[in-house]
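To find a chain, count down the sequence lines: A is the first, B the second, and so on, and within it residues start at 1. These numbers come from a predicted model, not from an experiment.
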2 protein chains.
Amino acid sequence: MGMRIGEMARRAGVSTRALRYYEQHGLISARRGPNGYREYDESQLALVAEIRSLLTAGFTLEDARPFVECLRSGNATGDSCPESVAVYRRKLAELDDQIRTLVARRAEVAAQLAGACPGCTVHVEIRGRRT
Amino acid sequence: MGMRIGEMARRAGVSTRALRYYEQHGLISARRGPNGYREYDESQLALVAEIRSLLTAGFTLEDARPFVECLRSGNATGDSCPESVAVYRRKLAELDDQIRTLVARRAEVAAQLAGACPGCTVHVEIRGRRT
DNA sequence: CTTGACCTTGACACTGACGTCAAGGATTAC
DNA sequence: GTAATCCTTGACGTCAGTGTCAAGGTCAAG
């Protein structure tokens, strides 16, 4: 019932380095065997899965913390807690900000390009709209 | 006709550190006085202005290089050279990529939020379209 | 007994554009 | 003369999440 870090890493699809890093930042934990080796159980696997899912979705490790704590406190999903939902909302606002910034920046660059290279008309497709 | 780094920095609106950094990376240059002090003339001021403009627009220092060289070779604007235009195009493609990524990510986060918090409908305004 | 696979902690490398401090020389103002 | 300000180079810190190496302990198979 206890796996060591190598197996955990394989099963979770992450590096052992990543697991130690998550632990160092208090997101996961592990018992220690008499030899000092980390021993993990299945529950930690779910936590790591949650972390990976969030990281690949653009969240930071800090963002992942409330989700992990939500899972640890017995909830079925990491986003069953208000703190997690708050992170969703904050992230959504951040994304909207970033998108607005990039869209504005794109317009500027396109304008510069048009000015520097008349005839270099640029077309782009964003959500079914031609620009 | 020659100003030192402090005055140059004030006039260009950048730090002396930034000027040394640009020089270190070969983007600007300066004569040296007998005491070892850098001495700048007006032409360098234009280069720094170009660099700042590009950096604040989201370009990297490397991106700025062709623009600076374009100016140095006597052109009225930094984007009068094909290399600069190529950078514009590449940047445009990068921005489109990033925007697409962020928009997709936003949709995922919004979906998660909707699932985790029914009734938390989120509205956003992107270019006159309500979502 | 030895090889080899696994584990441990610690610590440097990376990316970019600087900020900031250190230690020292030059210049200017009074 | 001396304090204040300016200049020089060099080098570490920042942010994030690892990759990677170092130096060593542990353990099962042969």
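- When side chains are defined from C-beta on, Tyr40(B) counts as touching Ile28(B), because their heavy atoms get closer than 4.5 Å.
- Interatomic distance, OG1 of Thr101(B) versus CD of Gln98(A), reported as 11.5 Å (0.5 Å rounding).
- First and last contacting nucleotides of DNA chain D toward chain B (any atom under 4.0 angstrom from a heavy atom, 5' to 3' order): dC6(D) to dA11(D).
- A straight line from CG of Asn35(A) to C1' of dA5(C) spans 14 Å, rounded to a whole angstrom.
- The distance from atom CD of Glu62(B) to atom P of dA17(C) is 8 Å, rounded to the nearest whole Å.
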Show me the donor-acceptor pairs within less than 3.5 Å that the side chains of residues 49-60 of chain A make with the rest of the protein, sequence neighbours left out.
unit_1   : atom_1 : unit_2   : atom_2 : d
Arg52(A) : NH1    : Tyr22(A) : OH     : 2.8
Thr56(A) : OG1    : Arg52(A) : O      : 3.1
Thr56(A) : OG1    : Ser53(A) : O      : 3.1
Thr60(A) : OG1    : Glu62(A) : N      : 3.4
Thr60(A) : OG1    : Asp63(A) : N      : 3.1
Thr60(A) : OG1    : Asp63(A) : OD2    : 3.3

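- Checking Ile5(A) against Phe59(B), the closest nucleotide of DNA chain C that is more toward the 5' end is the one next to Ile5(A).
- To the nearest angstrom, C1' of dC7(C) lies 16 Å from CE of Met8(A).
- Note: CZ (Arg38(B)) to P (dG25(C)) measures 18 Å, nearest angstrom.
- Comment: Glu94(B) engages Lys91(B) in a salt bridge, judged by a side-chain N to carboxylate O separation of less than 4.0 angstrom.
- Atoms CG (Leu19(A)) and C1' (dC6(C)) sit 15 Å apart, rounded to a whole Å.
- Along DNA chain C, the nucleotide nearest to Arg4(B) and the one nearest to Ile51(B) differ in position, and the one closer to the 5' end is contacted by Ile51(B).
- Between Tyr37(A) atom OH and dA5(C) atom P the separation is 14 Å, expressed in whole Å.
- If you run salt bridge (Lys or Arg N to Asp or Glu O under 4.0 Å) between Glu23(B) and each of Arg38(B), Arg17(B), Arg31(B), only Arg38(B) comes through.
- Summary of the strand contacts: His25(A) and Arg20(B) both lie near DNA chain D, and taking for each the nucleotide with the nearest heavy atom, the more 5' one is attributed to Arg20(B).
- Residue contacts shown for Ser15(B) are limited to sugar-phosphate atoms, with no base heavy atom under 4.0 Å away.
- Using a 4.5 Å heavy-atom threshold, the side chains of Glu69(A) and Glu83(A) count as separate.
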